[in-house]
2 protein chains.
Amino acid sequence: MCPRRPSAHHAIRRLEAGRPSRSGPRSGERYCHSVNRRPTLADVAREVGVSAKTVSRVLNGDGPASARTREQVLAAVAKLGFQPNLMARNIRVGGPDTTIGLIIPDLGNPFFGTVASGIEDTVRDRGLTLLMGSSADDPDRERALADKFLARRISILMIVPSVGADHSYLKAHRAAGLPIVFADRPGVGLAADSVVSTNRAGAHDGVTHLIAHGHRRIGFIGDLPTNLYTRRERLAGYRAALQEAGLPYHRTLVTNAHDQHEAAAATSRLLGLADPPTALFAGNNIVALGIIVELARGKRKDIAVVAFDDVPLAEALEPALTVVAQNPEEIGRTAATAALARLDGDRSRARTITVPTRLIVRGSGERPVPALQKA
Amino acid sequence: MCPRRPSAHHAIRRLEAGRPSRSGPRSGERYCHSVNRRPTLADVAREVGVSAKTVSRVLNGDGPASARTREQVLAAVAKLGFQPNLMARNIRVGGPDTTIGLIIPDLGNPFFGTVASGIEDTVRDRGLTLLMGSSADDPDRERALADKFLARRISILMIVPSVGADHSYLKAHRAAGLPIVFADRPGVGLAADSVVSTNRAGAHDGVTHLIAHGHRRIGFIGDLPTNLYTRRERLAGYRAALQEAGLPYHRTLVTNAHDQHEAAAATSRLLGLADPPTALFAGNNIVALGIIVELARGKRKDIAVVAFDDVPLAEALEPALTVVAQNPEEIGRTAATAALARLDGDRSRARTITVPTRLIVRGSGERPVPALQKA
DNA sequence: CTGAAAGCGCTAACAT
DNA sequence: ATGTTAGCGCTTTCAG
């Protein structure tokens, strides 16, 4: 039997148990490598009969090394199953950890997942790994995550800002050279790069499409909370389109929803108005789902719909859903590219980069005004 | 002006530029904290006039400390913007990093995003953070990611195994006490916990539903590659249901697709057979999308469909889509719970835990056999 | 209650 | 081509 020296992976349990930890083997006992300590550089060096530095050289390929030693070292590494401790390396080198901290509101939302995917694709060959966490759009959770990431000395910090978050606490980090990029929404209180969709123009295009097809009363169902950046921008685009067409802006036609269920309720509420809208504009993908499900439930094919953000089965609906598609993958790629440029020394002024949206006409916006709907 | 000592965040650039780095300030120059070095424990200690250990004690709350020192230390920490270096701490403490490495095939797929979400929710109050990467179902990429994670001394390793991956290289790690859990698919060559859906039973239920509604020729469109665990299990469930009903198994009715586009093509191929199926079973959510879009394109409302895995707008389709719903959030939670139990010392035998699927009947499976479809 | 010294695993800077 | 020494930022150990 091996003496059970508390292994590294039991450190957490040890803390809880409050058991005093012994750092050396008890007399007459030897360590059993397979259960106890992970092998270190020194172990490999001892095995081969060289110095730790030589092993380091072979593994990192900096200094020279004879073919023979190299072989021996590699053999010992394989034999012992040695894997260099990256934390120890980083601490000595003094550089940042090769991770990129990413904070998004919701891991389960495919929009943000796709953003993350774009980031990963872009940074992979730089050897950076994603450290991810979800904020649930809570500024406190966002801050806690950021602090954790910063304590890890991440190379890059990317945030989809929560509503109400203030980012001035990051000033010193940015000044110290940490690349910080905000995605999907701009940061607050910090001059850092951000990458956002053309929300206002996109909403404008979508609403204009509805107007072009004869709609005069167009409902808007946006995100909650209402001061969310994307909601504000998209509402602005909605209003601009109305104004441009000389149409009045009715507060009663504007409402909001935080999830699919609320969006369905909001839909039903708008349609129940004395003078109901003939078309609906969905402020995001979740709202779109709610609207569509509610319309399907009520068999209301007479209501035109345009949604901000594409949804998976848009083309299979009847009518197929017209959308203002975002490009989350591109948002991720762009944000990552900007961050890497900063990492490479780009010291230019903070910029806001926009990623274009695209109106995809599929039919749901083209319904004629149903003056005769019940005929 | 501050002398621009290469800051920590420029380490990467320095490597590339090959510029020799100087470790001390040049004569007559002083470091400018805001631009250069992050403050360390020693800096805080110096500021207050105490030893580093005292600062450490205050911050970690282990040893005793006078109220006065505590205040002074905290003030200095705030003033300098000190954040303890977690890598340095971990290296000294010898414990694992407080991260959980998670490898999934695709960050953009909401199924895996939701699994990740379930994991995060479960481990958050243990202070663990997610280190994530996508394998693209490539065993080599999976292995490379795992090695990177292991080099970081993660506390837990969770993998959605790629097809063809062998996990015996993890044996030593598991023996050393590293909790390893496979999610969605079991691992290969390693006795470790895994958490999977009741794939076979779920598929059986879905197909039985179709049979109960009179279908005798049921097409199966599954994942590619065909040896993917979930595809094998679901196909087995399909065959079992047929056999149970005394129906013959036709190889020609079984096909596969890797993405939505291929699934649409497969659908069209099956429907073009001399003796085409009257119902289709979709082996996963992506395939389901392809099938539905293709049927919509061809206006084929006469074809019944049941899909494995729920899709967002299932209830808004016409007919609404009947599915065998998985519970990805629960898969994540279960996997995380199992891993935490291991971390807490659970040394029992490796188990395979199943998360039940649920047949959600919405209508698409109930279509009568369309003997008169063209009438 | 506080400090000095040693050391975690690794690599930079000089040896040789 | 290789070894030695020192030290990254922190905590442990042992003395006050």
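Residue numbering restarts at 1 for every chain, and letters A, B, ... go by the order of the sequence lines. Values below: all heavy atoms of this structure, side chains included; hydrogens, waters and symmetry mates excluded. These numbers were taken from a predicted model, which means no experiment stands behind them.
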Asks: Is a side-chain donor-acceptor pair under 3.5 Å present for Ser51(B) with Arg57(B)?
Replies: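 Short answer, no.
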Asks: Is Met158(A) close to Val115(A) at the side-chain level, that is, under 4.5 Å between some pair of heavy atoms?
Replies: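 Not touching, per the 4.5 Å side-chain cut-off.
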Asks: Does dT4(D) have OP1 or OP2 under 4.0 Å away from a side-chain N or O of Ser51(A)?
Replies: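 For dT4(D), OP1/OP2 do not have a side-chain N/O of Ser51(A) under 4.0 Å.
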Asks: So, Arg143(B) and Asp140(B), do they make that salt bridge, N to O below 4.0 Å?
Replies: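 Looking at Asp140(B) together with Arg143(B), the answer is no, because their closest N to O distance does not fall below 4.0 Å.
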Asks: Is the phosphate of dT2(C), meaning OP1 or OP2, less than 4.0 Å from a side-chain N or O of Thr54(B)?
Replies: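 Thr54(B) to dT2(C) OP1/OP2: no side-chain N or O under 4.0 Å.
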Asks: How would you summarise protein contacts on nucleotides 5-11 of chain C per nucleotide, using B for base, S for sugar-phosphate only and - for none, with heavy-atom distances below 4.0 Å?
Replies: -BBBBBB
Asks: Can you name the closest pair of heavy atoms from Ala339(A) and Pro179(A) and give their distance?
Replies: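 Residues Ala339(A) and Pro179(A), closest heavy atoms: O-CB, 3.7 Å.
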Asks: What is the separation between atom CZ on Arg152(A) and atom C1' on dC10(D), rounded to the nearest whole Å?
Replies: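 Rounded to the whole Å, the gap is 15 Å.
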Asks: Arg46(B) has an atom CZ; how far is it from atom C1' of dG9(D), in whole Å?
Replies: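 Rounded to whole Å, this separation is 12 Å.
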Asks: For a side-chain contact (heavy atoms from CB on, under 4.5 Å) with Phe82(A), tell me which candidate from Val73(A), Leu59(A), Asp43(A) qualifies.
Replies: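 Testing Phe82(A) for a side-chain contact (heavy atoms from CB on, under 4.5 Å) against Val73(A), Leu59(A), Asp43(A) leaves exactly one candidate, Leu59(A).
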Asks: Are there over 12 heavy-atom neighbours, none belonging to Lys171(A), within less than 6.0 Å of that residue's NZ?
Replies: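 Not more than 12 within 6.0 Å, no.
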